[in-house]
There are 2 protein chains.
Amino acid sequence: MERNRRKKLNDKLYALRSVVPNITKMDKASIIKDAIDYIKQLQEQEKVMLAEISELDSLKEEKVSSIGDLDFDDLHFMQRKKKRTAQGSSSSAGSPSSPPIEVLELRVSEMGEKTMVVSITCNKKRDTMIKLCEVFESLNLKVLTANITSVSGSLLHTLFIETDEMGSAQVKEKIEAAIADLDSPRSPISSLSF
Amino acid sequence: MERNRRKKLNDKLYALRSVVPNITKMDKASIIKDAIDYIKQLQEQEKVMLAEISELDSLKEEKVSSIGDLDFDDLHFMQRKKKRTAQGSSSSAGSPSSPPIEVLELRVSEMGEKTMVVSITCNKKRDTMIKLCEVFESLNLKVLTANITSVSGSLLHTLFIETDEMGSAQVKEKIEAAIADLDSPRSPISSLSF
DNA sequence: GCCAACACGTGACCC
DNA sequence: TGGGTCACGTGTTGG
């Protein structure tokens, strides 16, 4: 009986050896050692591949969203790929790697004939400042003066702009649209229009 | 002596058990069995992941070759495809179609323990504001408050930043470098980024 | 008392 | 001859 048990155990061991490549020695102990090393190797490889996959996957996401509607994200891809120029702020709008901006409050009020005051409060995440600047620049409103204050996670923007023949409501709409566009860049065109 | 051999073998076996999750029984034979199953599982997973990676990779390749490798036709194709390309002042930093920013004056002075005042004056061209914002954000200095005033072609930036363990000279250098980097995009890809 | 799993000592075999 | 490995039979423990 003991003979049978040993046989089974040996069979298992041979089976183990059969699934492990790079067998150095038929040595019983070496078989197990090789198996251990192999497992560790596989586990590390798994980690690496997993990381790579998720990376490529996120890249793919960008693509997919752009492919149907065309390639805006290719820009990011290119920029990111070239990179090696320091981690620079991932540049412009819509980049999925930078968090969406969260607008807490948006007020637009007329001040005089052609000037109005825009007041935006939002949570300060990475690149928020850039995005807001892009928004203003993309709308190419004439910015007379702007004030940015970041306090404890919030970013307060106050700017005096000059517009011709536009109501405050209209401006507000535009700004809202531009910001929304930034977060979900469904339309590559407007996103490209900076 | 034989005792020692057996001990070593057992140690190997326990080591094997330690690298294998999902151990059902401490049973010697079961350890090997579980190890075998685990290895097979890992191997299959490896195949799957490898396939997935190569798939994603090929997708990436497409993009890279079509863009990173200077494929003008593709660029044109893209532009034409999306037609109505919008007059857009092109995207963010380093874009050749937006004029370089011209810094007229740059002053950095320490205000207190960790805060300093950065004062930048430059000609206001298109996208200047964005670029400046990117510069600050890329240096990720903590911006306490910032004031932007544009008057007759000039753009006055004054910001209070918080730094730790950096002299004003150092900060100034950094800012200058970042701006220079912005103007002379060393990477050819950025030239292609519309 | 049976079965299973284990550790142990021993003889056989091979560089 | 000795260091290394192996298979075998046996004693012991625990379910």
Side-chain angles (χ1 to χ4, degrees), chain A residues 1-64 77 80-81 83-84 86-87 96-97 99, chain B residues 1-65 68:
Chain A
M1 287 211 147
E2 172 70 5
R3 288 181 66 161
N4 203 308
R5 172 186 162 270
R6 272 198 300 268
K7 186 180 185 310
K8 280 196 171 185
L9 207 152
N10 274 340
D11 288 348
K12 299 281 185 188
L13 229 147
Y14 290 150
L16 177 62
R17 185 203 54 171
S18 69
V19 295
V20 176
N22 302 332
I23 331 107
T24 58
K25 294 176 182 178
M26 292 294 241
D27 201 353
K28 230 167 183 176
S30 301
I31 291 177
I32 302 183
K33 187 176 184 299
D34 289 341
I36 295 177
D37 294 341
Y38 183 56
I39 287 184
K40 287 186 178 176
Q41 172 190 338
L42 281 188
Q43 286 174 337
E44 277 201 24
Q45 192 180 2
E46 183 197 10
K47 279 187 188 175
V48 173
M49 285 173 122
L50 222 55
E52 191 166 351
I53 278 190
S54 71
E55 185 184 346
L56 289 180
D57 224 358
S58 70
L59 240 49
K60 192 191 81 181
E61 293 279 340
E62 296 176 29
K63 307 278 189 92
V64 167
F77 184 67
R80 177 168 325 170
K81 187 84 205 297
K83 188 167 209 168
R84 80 177 183 260
Q87 45 73 262
S97 65
Chain B
M1 290 203 163
E2 170 71 5
R3 291 181 64 162
N4 203 310
R5 171 185 165 271
R6 274 197 298 267
K7 187 182 185 308
K8 280 196 173 183
L9 208 153
N10 273 340
D11 288 348
K12 300 281 184 189
L13 229 144
Y14 288 148
L16 177 62
R17 184 202 54 171
S18 69
V19 295
V20 176
N22 303 334
I23 332 108
T24 57
K25 292 177 181 177
M26 292 294 241
D27 201 353
K28 229 167 180 176
S30 301
I31 290 177
I32 302 185
K33 188 176 183 301
D34 288 341
I36 295 177
D37 294 342
Y38 183 56
I39 288 184
K40 287 186 179 176
Q41 172 189 339
L42 281 188
Q43 286 174 338
E44 277 202 23
Q45 191 180 3
E46 184 196 9
K47 279 188 189 176
V48 174
M49 286 175 121
L50 222 54
E52 191 165 351
I53 277 190
S54 72
E55 184 184 345
L56 291 180
D57 225 359
S58 70
L59 278 184
K60 191 185 76 177
E61 289 290 332
E62 290 178 28
K63 299 263 169 152
V64 169
S65 67

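Just so we're on the same page: letters track the sequence lines, and every chain starts at 1.
For the pair B:Lys8 NZ and C:dA7 P, the computed distance is 17 Å after rounding to whole Å. In this entry the distance linking CG of A:Leu9 with P of D:dC6 reads 12 Å, nearest Å. In this structure, the CG atom of B:Asn10 is 8 Å from the P atom of C:dC6, given to the nearest Å. A:Asn4 places its CG atom 11 Å from the P atom of C:dA5, with the value rounded to the nearest Å. Between the CZ atom of B:Arg5 and the P atom of C:dA7 there is a distance of 12 Å, given to the nearest Å.
Between A:Arg17 and A:Leu13 there is no side-chain heavy-atom pair separated by less than 4.5 Å. Side-chain contact between B:Asn4 and B:Lys8: present, with at least one pair of heavy atoms (C-beta onward) separated by less than 4.5 Å. No side-chain heavy atom of A:Asp34 sits under 4.5 Å from any side-chain heavy atom of A:Lys25. Contact annotation: the side chain of B:Val20 never approaches that of B:Ile39 to less than 4.5 Å [non-hydrogen atoms, C-beta and beyond].
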I would like to know whether B:Gln43 and B:Tyr38 meet side-chain hydrogen bond (donor to acceptor under 3.5 Å, both in side chains); could you show each step before the answer? CA-CA 8 Å; B:Gln43 286 174 338; B:Tyr38 183 56; over 6 Å; no

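When the nearest nucleotides of DNA chain C are assigned to A:Met1 and B:Lys7 by heavy-atom distance, the more 5′-ward of the two goes with A:Met1.
Near DNA chain C, meaning a heavy atom under 4.0 Å from it, residues 24-37 of chain B has B:Asp27, B:Lys28 in order of number.
Contact annotation for B:Arg3: backbone-only contact, meaning every heavy-atom pair under 4.0 Å involves sugar-phosphate atoms and none involves a base.
Side chain B:Glu2 to base D:dC6: a donor-acceptor pair is found below 3.5 Å. On a pure distance criterion of 3.5 Å, a polar donor-acceptor pair joins the side chain of A:Arg6 and the base of D:dG9.
Salt bridge present: A:Arg5 and A:Glu2 bring a charged side-chain N and a carboxylate O closer than 4.0 Å.
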